[in-house]
Amino acid sequence: MQLSNKKWDLDFFLAQRQEALSAWPTGAEVDLDEAIAYQAEIPGEKRFVTRLNEALAAGKTLIQPRAGVPLINEHIVLLGHLEQEGEADLLPTTIDSYTRLNRYEDAQRGIEESKVSGKAMLNGFPAVNHGVKGCRMVTSALKAPVQVRHGTPDARLLCEITLAGGFTSFEGGGISYNIPYAKAVPMQDTLLYWQYVDRLVGLYEERGISINREPFGPLTGTLVPPCISNAVAILEALLAAEQGVKNITVGYGQCGNLIQDVAAIRALEQQTKAYFARFGYTDVVVSTVLHQWMGGFPADEAKAFAVICWGSAVAALAQATKVIVKSPHEALGVPTMEANAAGLRATKQVIMMLADQAIADGERLQEEMAIIMAETDCILERALELGEGDWALGTVRGFEAGIIDIPFAPSRYNMGKIMPARDNNGAVRLLDTGLLPFTDKLKAFHQAKIAQRAQAEHRGVSFQMVIDDIYAISKGRLVGRPH
Amino acid sequence: MQLSNKKWDLDFFLAQRQEALSAWPTGAEVDLDEAIAYQAEIPGEKRFVTRLNEALAAGKTLIQPRAGVPLINEHIVLLGHLEQEGEADLLPTTIDSYTRLNRYEDAQRGIEESKVSGKAMLNGFPAVNHGVKGCRMVTSALKAPVQVRHGTPDARLLCEITLAGGFTSFEGGGISYNIPYAKAVPMQDTLLYWQYVDRLVGLYEERGISINREPFGPLTGTLVPPCISNAVAILEALLAAEQGVKNITVGYGQCGNLIQDVAAIRALEQQTKAYFARFGYTDVVVSTVLHQWMGGFPADEAKAFAVICWGSAVAALAQATKVIVKSPHEALGVPTMEANAAGLRATKQVIMMLADQAIADGERLQEEMAIIMAETDCILERALELGEGDWALGTVRGFEAGIIDIPFAPSRYNMGKIMPARDNNGAVRLLDTGLLPFTDKLKAFHQAKIAQRAQAEHRGVSFQMVIDDIYAISKGRLVGRPH
Amino acid sequence: MQKTLVLGVIGADVHAVGNQILNYAFTDAGFHVVNLGVMVSQEEFIEAAIESAADAIIVSSLYGHGELDCQGLRDKCDEAGLKGILLYVGGNIVVGKQPFEEVRQRFLDMGFDRVFGPGTPPEAGIAALREDLADR
Amino acid sequence: MQKTLVLGVIGADVHAVGNQILNYAFTDAGFHVVNLGVMVSQEEFIEAAIESAADAIIVSSLYGHGELDCQGLRDKCDEAGLKGILLYVGGNIVVGKQPFEEVRQRFLDMGFDRVFGPGTPPEAGIAALREDLADR
Ligand code: B12
Ligand code: B12
C-alpha cells in the first residue's frame with residue numbers, strides 16, 4: 001500500500017479494520033455504533049477535550065500522572081487514589097510493554113502471573129486483553145477523564161478497544177511511538193498504522209464525539225534538542241489533522257534550562273498553529289503539554305522531588321495546558337500509588353503558586369524562540385521538499401536522509417548521527433549537528449555554544465561531555481561538569 | 001545613655017562589658033585575648049567569611065539549614081547529619097526561645113527536663129548555658145562553618161560566649177531581632193544592645209578575626225513587602241558598619257512572586273552597597289541571603305517540598321549568596337534531622353540544576369526593581385531626616401512615626417498600620433500604606449494593584465483578602481482567592 | 001448571652017499572626033474576646049479571666065515550649081477561684097512532629113478540656129466552644 | 001587476553017541510553033564487546049555468545065519485565081553448551097521499588113552470577129568482571 005498524506009476514504013479504512021480487529025479475540029467486542037452511543041453518554045467534565053479547552057481558556061495548567069497496573073480492580077484503586085489523594089486533573093492508563101508490541105499472549109501470561117504472585121508482573125495495564133468491558137469498568141469508575149498512554153508502534157487494535165472502552169484521549173504518533181519505542185519497525189508502516197488511528201478518531205469526530213490526540217513529545221527523553229521534538233510534534237499534528245483529528249495536544253519534554261524550555265513550549269504552540277493555518281487545518285484546537293524531566297532521575301527521593309518541582313515550575317511559567325508528572329520513585333521503578341500521589345501533590349502546589357506568573361517576554365526568551373523556530377523550519381521545509389509536498393513521504397524520506405534525527409533512539413530507521421550536549425547555561429545544543437539541514441549560521445551557533453562550555457570547563461569537546469550530561473541530573477546537577 | 005550612630009569608644013564598650021558578662025555564670029569563661037587566639041586557629045574553610053567570599057566570587061549559592069537541640073552531643077550529631085546527609089555548605093546553631101529572652105534559668109530547666117525525658121524540651125540550643133566550652137565542642141566537631149541564629153533582643157552575652165566558642169557568624173540586629181521577636185522592648189534599648197554586638201565583632205575584626213554578621217531579613221515572615229525588609233536590612237547594615245563590622249549578609253524572605261523576589265534581592269544588594277558608598281563604609285563586603293518561604297507552610301510533606309523547591313529556584317535565579325532552607329516538617333514542628341536533611345538535599349538539587357541560569361535582565365524585572373528601590377529610598381531618606389542625619393535616632397523616630405512599619409509584628413513599638421496583600425500576580429503589595437512616607441505615585445501604584453486583584457476576584461478590598469493570603473500557601477496556592 | 005473568651009499566646013512565644021486571626025474569627029463568630037496577644041504568662045491569663053468573668057481561656061502555643069509553659073495552669077486557675085473554667089490549648093504545642101494522640105493525652109492530663117493540633121482552623125475551635133458553652 | 005562480553009537489553013525493552021553507555025564503558029575498559037542493543041531475545045544472547053566464544057553475557061533490563069524475560073536463560077545456556085558462562089543482570093530489573101536483597105536472591109536463584117540494582121555505575125560491573133574473569 002502506498003503511503004501518502006491524504007485522508008483515507010472510508011471504504012479503505014473499513015477494509016483495514018477487519019484485519020486490525022482480528023488480532024486478538026477482544027477485537028470482536030468492538031461495535032462502532034454502540035461505541036459512539038456509549039461515548040455520547042460520557043458527560044463533559046469526564047471528557048479530555050472539555051477539560052483541556054477550559055484550561056486553555058482560563059490559562060490554567062492541569063496535572064496528569066502516568067500509571068498502570070496489570071489487574072482491573074487494582075488499576076481502578078490506583079487511579080482513584082491519584083485523583084483523590086494526588087489531586088490529578090487528568091488521568092492516564094499506561095499500557096504495559098508487551099501490549100505495546102502486540103504480544104498479547106505474553107501480556108496474558110503477565111496477567112495470570114500477577115494474579116498468582118500478588119505482585120504486578122507487568123509494567124502497565126494490558127487494555128487489549130481486558131477488552132472493551134474491562135476498559136469501561138475503569139473509565140466509568142473515575143471522576144476525571146482518562147487517556148491511553150503507551151508507546152505502541154501499531155496501536156490500531158488498542159485504539160479501537162480503548163475508545164470503545166470510554167477513554168477520551170489517545171497518546172502517540174507514527175514517529176514518536178516508533179523511533180524511541182522500537183528497533184525494527186519501518187517508518188512507512190507506523191505512519192500507516194497511525195493514519196488508521198487518526199482516521200478512527202476522525203470518524204468519532206464526524207459522529208459528534210470529540211477525542212483528544214497527543215503526539216508523544218519527549219521521544220527518547222534524553223537531551224533531545226527542542227527543534228527535533230517540535231518538528232516531530234508538528235509533523236504528527238499535521239498528519240493527524242489530515243485524517244480528521246480536531247483536538248491536539250503537542251508535547252515537549254523539559255530540557256532543564258528555564259529560558260530554553262519556556263521558549264520551546266511557546267515556539268511549539270505558535271508553529272503548530274502556523275503550519276495548521278498554512279495547510280488549511282483551521283478548525284483544530286491546539287493545546288500544549290510539558291513533561292517533567294524525562295531522563296535519568298536521582299535515586300534520592302528529596303532530590304527527585306526537586307526535579308519534579310522544577311519541572312512543574314517550568315510548566316507553569318510556560319503556561320503549558322497540562323504537565324505530565326513524575327514520582328519520587330522514578331529512578332527505582334514503577335511508583336507505588338502513594339509515591340505517585342506525592343509527586344502530583346508537589347506538582348499541584350507549584351502549579352498553584354505560579355498560576356498567576358507566566359513568563360511571556362524578555363529578550364533572551366525571544367532570542368531563544370527565534371533559534372528554535374528557525375531550526376524547526378529548516379527541518380520541516382526540507383522534509384516537505386523531500387516529500388514533494390507530502391508530509392508523510394517527507395517524514396519517511398526525512399528520516400532516511402537524517403535531516404530528522406533523534407538522539408539515543410533504538411530504531412534502526414533513525415540516522416543516529418546528531419549528538420546533543422548542554423551549553424554553559426545548561427541549554428541543550430548540538431555537539432554534532434549530523435545531517436540536520438541547518439543554515440551555516442545555525443550550525444555556527446551550536447558550535448560556538450559548545451565551544452564556550454568546553455572553554456569554561458578547560459577541556460576539549462568530546463563524547464565524555466555527553467556522558468557527563470546524561471548522568472548529570474541523576475547525580476544532582478544540570479550540566480555534567482568534570483569532577 | 002544617649003543613643004547615636006557613632007562608633008563606641010573602647011572604654012565605653014569595656015565598661016558595658018562587665019554588666020553583659022555577669023548576666024550568667026558562664027560569662028566568666030570569656031577572655032577576649034584567649035578567644036581571639038582560639039579563633040585565629042580556625043582554618044579558612046571553617047570560617048563563614050571565607051566561604052561566603054568564595055561563593056560571591058564564583059557566583060554560587062550556598063545552602064544552610066536551621067537547627068538546634070538542647071543537649072550538646074545531640075546537637076553535634078544533628079549538625080553532623082546535616083553536613084553529611086544534607087550536603088549543607090554552612091551550618092547553624094538555632095538558639096532556644098528562653099535564651100533569646102535571657103531567661104537562662106528556664107533554659108536550664110529545659111536542659112534538665114530534656115535529659116530526664118529523653119525528648120527535646122527546648123526549641124533550640126541554649127548556648128549561654130552550655131558556655132564557651134560547650135560551644136567549642138560543637139564548632140570544632142564539624143567541617144562546615146557554624147553561625148548563631150536566634151531572635152534575641154539583648155544578645156550581648158550570647159555573642160560574647162558564641163564568638164569565644166568558635167562561631168564565625170552571628171545573625172540579628174536591633175530592629176529585626178526586636179520587632180518580630182518581642183512585645184515590650186523599646187527600640188532604643190535593642191539598638192544599644194546591638195551596637196554592643198557590632199562593636200564586639202568590630203573588635204575581633206581589628207584583631208584580624210573576620211566575623212560575618214547577618215541582619216534577619218524575613219522579619220515576621222508573613223507578607224512583608226520587600227521595601228520594608230530591605231529598608232530594615234540596610235539600616236542594620238549601616239549601624240553595624242559604623243561599629244566596625246566588615247562582612248555583612250543582607251537578607252530577604254521569599255514573598256512568592258518570581259519577578260518581585262529576584263528584584264528584591266537585586267535591589268537589596270545594590271542599595272546596601274549604594275548607602276555604604278554614600279556614607280563612607282567602602283571596605284565592607286556585602287553578600288545576600290534568601291530565606292525560603294517564611295510564612296505558614298502546608299502540612300503535607302510533598303507540598304512542603306514544593307514550597308522548599310520553589311524557594312530554592314528563586315534563590316538560584318536571583319543568585320543569592322546563600323539560601324536558608326526549610327524542612328518538610330515545617331508546618332508541624334521542629335524537624336527531625338532526617339526531614340531537615342531532606343529539605344537540604346532537595347534544595348541542593350534545585351540550586352545545582354539552576355546554577356548556571358541567573359535571571360538578570362527583563363523589562364518587568366527592571367520595573368519591579370525600580371519600584372522597590374524608590375519605596376526603600378522614601379523610607380530611608382525620611383528616617384535620616386527624622387534622625388537629623390543620625391541613622392540610629394532615625395530608626396527610633398521612624399518606628400515611632402510609623403514611617404517604618406512591620407506587618408503582624410508583636411511589638412508595641414511598631415505602629416502596625418500598614419496592611420499587605422497580594423496583587424493579581426501574587427506580588428506582595430500594600431492594601432493600606434499606613435504612614436509609610438511614599439510618594440503619591442507609589443501610593444497610587446499599590447492601590448491600583450490591589451484594586452485590579454479585587455476586580456479579578458469580583459469582591460471588594462477587605463481584611464478577608466489578607467486572611468486568605470495568610471492561609472494561601474498552606475492551603476496550596478499563592479494568592480488567596482475566594483472559595 | 002454573649003460568652004467571653006480570654007485569648008493569648010503563652011510563655012515566651014511571639015507568634016503573632018495566628019493570634020490576630022483567632023481574635024478576628026472568634027469576634028466575628030459572636031464571642032467577646034479579651035485578647036492578650038503574645039508572650040502571656042499564666043498569671044496574666046488568670047487575671048484577665050477573673051477581671052472579665054470569662055467563660056473560657058484559649059491558650060495558643062506555637063513555638064514548642066507549650067509543654068513547659070502550660071504545666072500547672074489548671075491548678076493555678078483552681079486556686080484563683082476559676083474552678084471548672086473551660087481551658088483550650090492549640091497550635092504547635094510540643095517540640096517536633098509527635099504522634100498527636102499522645103500529645104493530646106498529655107495535655108488532657110494537665111487539665112485542658114480540649115487540645116487542638118497544628119493548623120487547626122478557627123472554625124474547629126468555634127464549633128467546640130459553641131458545644132461546650134451551650135449549657136453554661 | 002582480551003575477554004569477550006555479549007551485551008544487550010532483554011525482552012521487549014527499548015531503553016537504549018544505558019546500553020550505549022555500557023558499550024562505551026566496557027570497551028573503554030578493554031573488553032571486546034558484542035553489543036546486541038535493545039529488544040534482545042534469550043536466543044539472540046545465546047547465539048551471539050556461541051558465535052563470539054564469549055566469556056560473559058551481560059543482560060540489562062530496565063522496563064520492569066526483567067523477571068518474566070529472564071526466566072530459563074541459564075537452562076537455555078546450559079542446553080546450548082554454554083555451561084558455566086558468566087551471567088550478569090542489572091538495571092531496574094523488577095516492577096516497582098522492591099527490597100533489593102529479595103530481588104537479588106530471586107535472580108541468583110534463576111542462575112545469574114551477579115545481580116546489580118538500579119543506577120549501578122558501569123565501574124561496578126567492570127570491577128566485578130575483572131574479578132570473576134581473572135582466573136578464567
Ligand atoms: C529515558 C527513559 C525512557 C525513555 C527511553 C528512551 C530509549 N529508547 O532509550 C522512554 C520515554 C521511551 C521510556 C519508555 C518506557 N519506560 Co522508561 N525510563 C526512562 C528513565 C527516565 C531513564 C532511563 C535512562 O536512560 N537512564 C540513564 C542511563 C544511563 O541509566 P540506566 O538506563 O539506568 O542504565 C545504567 C544502569 O542501569 C546500569 N546498568 C544497566 N544494565 C546493567 C547491567 C549490569 C551488569 C551493570 C553492572 C549495570 C547495568 O548501567 C547503565 C549505564 O550507566 C528511567 C528512570 C530513571 N532511571 O530515571 C525510566 C524507566 C526505566 N522506564 C520505565 C518504564 C516502565 C517505561 C515504559 C513502560 C513506559 C512507562 N510506563 O512509563 C516504557 C517502556 C518502553 C519499553 N518497551 O521498554 C520504568 C521501569 C519500571 C520498573 N522497572 O519498575 C522506569 C524505571 C521509570 C519508572 N520509575 O517507572 N523510558
Ligand atoms: C511565621 C513564623 C515565625 C515568625 C513569627 C513572626 C511573628 N512574630 O508572628 C518568626 C520568623 C519570627 C518565627 C520565630 C520563631 N519560630 Co516560628 N514559625 C512561623 C511559621 C512559619 C508560621 C506561623 C504562622 O504565622 N502561621 C500562620 C497562622 C495563621 O497559623 P498558626 O500560627 O498555626 O495559628 C493558627 C492555628 O495554629 C490555630 N490555633 C492556634 N492556637 C489555637 C488554639 C485553639 C484553641 C485553636 C482551636 C486553634 C489554634 O489557629 C491559628 C489561626 O488559624 C511556623 C510554621 C508553620 N506553621 O508553617 C513556624 C513555627 C511555629 N516556629 C517555630 C519556631 C521553633 C520558631 C523559633 C524558635 C525560631 C526557630 N527555631 O526557627 C522562633 C520563636 C520565637 C519565639 N520566641 O516565639 C516552630 C515551632 C516548633 C515546634 N512547635 O516544634 C515552627 C512550627 C516551625 C518549625 N517547624 O520549626 N516564626
Side-chain angles (χ1 to χ4, degrees), chain B residues 69-70 96-103 106-107 109-110 113-114 117 119-124 151 153 178-184 220-223 295-299 301 327-336 339 406-412 414 416 463-464 466-467 470-471 474-475, chain C residues 7-29 35-42 44 60-72 90-103 106 110 116-124:
Chain B
V69 287
D96 72 287
S97 288
Y98 291 142
T99 300
R100 292 169 183 219
L101 291 164
N102 315 101
R103 288 164 56 171
D106 286 334
R109 183 160 65 102
E113 295 216 9
S114 300
S117 72
K119 274 197 320 245
M121 298 294 285
L122 294 175
N123 57 15
N178 175 348
I179 305 296
Y181 283 99
K183 182 162 130 177
T220 51
T222 307
L223 302 177
F297 250 65
E301 296 193 15
S327 91
H329 284 180
E330 176 64 14
L332 297 165
V334 170
T336 58
I406 298 174
F408 310 109
S411 171
R412 69 170 62 122
N414 183 64
F463 185 59
Q464 189 58 45
V466 184
I467 295 186
I470 289 173
Y471 285 129
S474 67
K475 289 191 174 166
Chain C
L7 178 70
V9 185
I10 200 165
D13 193 336
V14 298
H15 289 91
V17 183
N19 170 265
Q20 292 178 33
I21 292 190
L22 287 180
N23 185 12
Y24 181 88
F26 289 159
T27 306
D28 201 53
N35 186 19
L36 306 175
V38 302
M39 296 185 92
V40 181
S41 65
Q42 296 192 352
E44 288 171 289
S60 293
S61 177
L62 286 310
Y63 72 153
H65 293 186
E67 212 165 340
L68 293 171
D69 293 334
C70 288
Q71 284 168 8
N92 303 72
I93 56 181
V94 292
V95 176
K97 188 177 172 178
Q98 301 181 21
F100 186 64
E101 276 318 307
E102 294 171 22
V103 172
R106 293 211 294 277
M110 277 192 234
F116 299 90
T120 308
E123 295 70 39

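Every chain is numbered from 1, with letters handed out A, B, ... down the list of sequences. If you're wondering where the values come from, they're calculated on a predicted model, not measured in any experiment.
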Part of [X] within contact of chain C (heavy atom distance under 4.5 Å):
| X | answer |
| --- | --- |
| B/F297 | neither |
| B/A331 | backbone |
| B/A182 | backbone |
| B/P407 | neither |
| B/S97 | both |
| B/I470 | side chain |
| B/R109 | side chain |

- For the candidates C/G11, C/G91, C/A12, which exhibits the highest count of non-hydrogen atom pairs separated by less than 4.5 Å from chain B?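 Of the options given, most contacts go to C/A12.
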Item to check | Winner by heavy-atom pair count (cut-off under 4.5 Å) against chain C, out of B/T220, B/L332, B/L101 | outcome: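 Among B/T220, B/L332, B/L101, the one with the most close pairs to chain C is B/L332.
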Exercise: identify the closest heavy-atom pair between [X] and [Y]:
| X | Y | value |
| --- | --- | --- |
| B/L122 | C/L68 | CD2-CD1, 4.3 Å |
| C/N19 | C/G8 | ND2-CA, 4.0 Å |
| B/P153 | B/R100 | CD-O, 3.3 Å |
| C/G66 | C/S61 | CA-OG, 3.3 Å |
| C/S60 | C/L22 | OG-CD1, 3.6 Å |

Next on the checklist: Strictly distance-based, threshold 3.5 Å: is any side-chain N or O of C/Q42 a donor or acceptor partner for the main-chain N or O of C/Q71?
Outcome noted: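 Yes, C/Q42 side chain to C/Q71 backbone: donor-acceptor pair under 3.5 Å.
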Q.
Students often mix this up, so state it plainly: with edges at 30° and 60°, are the rings of B/Y98 and C/Y63 parallel, tilted or perpendicular?
A.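 Answer is perpendicular, since the angle exceeds 60°.
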- Query: Checking heavy atoms, do the side chain of C/I21, its backbone, both or neither come under 4.5 Å from chain B?
  - Reply: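 Only the side chain of C/I21 comes within 4.5 Å of chain B.
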Where does C/Y24 contact chain B at under 4.5 Å (heavy atoms): side chain, backbone, both or neither?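 For C/Y24, the contact with chain B is made by the side chain alone.
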Open item on the list: Are B/D96 and B/N123 packed together at the side-chain level, in the sense that at least one heavy-atom pair is separated by less than 4.5 angstrom?
Closed with: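 When only atoms from C-beta onward are counted, B/N123 and B/D96 do touch, with a gap below 4.5 Å.
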